[in-house]
Protein chains: 2
Amino acid sequence: MLARVSSTPTFKRLPRAVREQQMLDAAVKVFSRRGFHAASMDEIAEDAGISKPMVYAYLGTKEELFVACLHREGTRMMEAIAGAAASDLPADERLWRGLRAFFGFVGAHRDGWAVLYRQARGEQPFAGELATMRGRLVEVVAGMLDNALRAEGHEVGPTDLEVVAYALVGATESLADWLADHPEADPEKTATRMMNVAWLGAAQLLHGVTWRPPAG
Amino acid sequence: MLARVSSTPTFKRLPRAVREQQMLDAAVKVFSRRGFHAASMDEIAEDAGISKPMVYAYLGTKEELFVACLHREGTRMMEAIAGAAASDLPADERLWRGLRAFFGFVGAHRDGWAVLYRQARGEQPFAGELATMRGRLVEVVAGMLDNALRAEGHEVGPTDLEVVAYALVGATESLADWLADHPEADPEKTATRMMNVAWLGAAQLLHGVTWRPPAG
DNA sequence: GCGTAACCTTACGCACGAGTAGGTATGCTC
DNA sequence: GAGCATACCTACTCGTGCGTAAGGTTACGC
């Protein structure tokens, strides 16, 4: 009972590259909705409009598939940020543009990206993958701070620098979570709020000082 | 072939309350090491020096067991923080004491608590549980800020307040992760760094202003 | 027009681990 | 010292879902 009697087969035959993107789209969607473990390869395959063995043939095991998702989304995000924050600007300007790009990205990929990011934290195999990406971000932020500090004639130990950058990145991720959970919220406004916290600090805020985005 | 021939049984018989704590200890350890899914009930039972059905009899299913862990550890942490930050102090003093208590707690429970906290983020069933706890923290921080602001004669919308508090909590959790990953790091010093970020902000830091813990 | 390679399918094997059935020992109460 | 409740065990069932074997079908080069 193996053979089908050639009813209406004519499934669209598509080149590998196209199918792979469809699969990744489906995978991101299902992973983010269900979580890594609750997501089934069958559902991903079905959602991609393809059968399971194709997924295995093209993207490999479930773990490899997840890593592929992580890579694609991560790269997209990094490019969005890097493209926005050119390095020959003053630090506050760079930070602001980077934040705006980041929250814009998250806002545009709410269900997909943010939740997928949340997934990767807990699961042992992917924590490292994610840590690497986060590490790159931390490095960038730390470098930015270091530049600005030197320009002001100050010096800070590398660990201090790293930790501060880490905290800033953590706060930003946290607000991204918040944004993903509040569909009515505005990414731009969220970026502004983050800028207030990061750049002025609570003490400044307490004295009524408020940072505003530059016109344009 | 069901019966054992009564060789040297004499397993210590212990009251329920004691066993439950042993089981929770083991569960926290295994969950944090392996992650929720990779952890097996068999390993937890073995680590607790008991057999699996006992775990089911006392603490219920795997999910219920995990929630029980979450509750115990969460309660302990909340108590540690609440005990340290009395409410009739100036805001900066309260914040500092709270942070110190928090990082002290994380430092003392590195492998156990921090990683367990990381687990709960991703998994659908527990995200809510954790969100509630985090919500309580955010509320406290927001209330603190609000108080201080009113004292200075300023007013801020509730959403702004919530978001700032959220960012602060996120930054703190992020540094807790960092602390958990750096066994050589000092919790006290980490708390100080967090205080710098939260209270002074990057802008202040750039002008060489540094917050220091009060003597004593 | 025909082979061959890439595309795509159905239908299954199989391990792993949550949860349970059913039985044994031990201490407490009267 | 009989009865009863509680502590505790070994040894299973069984669903779930990853990953695969084996075979069908379409496009494309020559």
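In the text below, chain A, chain B and the rest are named by the order of the sequence lines, each starting its count at 1.
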Using a 4.0 Å heavy-atom cut-off, does S51(A) contact any base of the nucleic acid, only the sugar-phosphate backbone, or nothing at all? base

Considering only heavy side-chain atoms of R13(B), the closest of dG19(D), dA7(D), dG19(C) is dA7(D)

Would you classify A39(A) as touching base, sugar-phosphate or nothing, given that sugar-phosphate means primed atoms plus P, OP1 and OP2, and contacts are heavy atoms under 4.0 Å?
sugar-phosphate

* Check whether any side-chain heavy atom of L149(A) lies under 4.5 Å from a side-chain heavy atom of L161(A), and answer yes or no. => yes

When rounded to whole Å, the CE to P distance for the pair M41(B) and dT13(D) reads 21 Å

Note: for K52(B) and A17(B) on DNA chain D, the residue whose nearest nucleotide lies more 5' is A17(B)

Rounded to whole Å, CD1 of I44(B) lies from C1' of dA18(C) at a distance of 11 Å

Quick note, P53(A) side chain, CB onward, closest among dT10(C), dA21(C), dG19(D) is dT10(C)

When rounded to whole Å, the OH to P distance for the pair Y56(B) and dG22(C) reads 18 Å

Indicate whether OP1 or OP2 belonging to dC8(D) is found under 4.0 Å from a side-chain N or O atom of R19(B). yes

OP1 or OP2 of dC7(C) under 4.0 Å from side-chain N/O of Y58(A):
yes

To the nearest angstrom, the CD-P distance between E46(A) and dC8(C) comes to 17 Å

Q) Just wondering, are more than 12 heavy atoms of other shown residues or ligands nearer than 6.0 Å to CD in E139(A)? A) no

- Task: Measure from NZ or CZ of K189(A) to the centre of the six-membered ring of F103(A), then state whether that distance is under 6.0 Å and the direction lies within 45° of the axis.
- Result: no

Here the distance between atom P of dT10(C) and atom CE of M54(A), to the nearest Å, is 13 Å

The residue, G60(A) or L14(B), whose nearest nucleotide of DNA chain D is more 5′ is L14(B)

Closest non-hydrogen contact found for V55(A) with A45(A) is CG2-CB, 4.0 Å

Verdict with reasoning, R121(B) to D177(B), per salt bridge (charged side-chain N to carboxylate O under 4.0 Å, His left out): CA-CA 13 Å; R121(B) 269 202 259 266; D177(B) 278 0; 3.4 Å; yes

Rounded to whole Å, CD of E64(A) lies from P of dC18(D) at a distance of 14 Å

Taken to the nearest whole Å, CD/E63(B) to C1'/dG19(C) is 13 Å

Taken to the nearest whole Å, CD1/I50(B) to P/dA25(C) is 17 Å

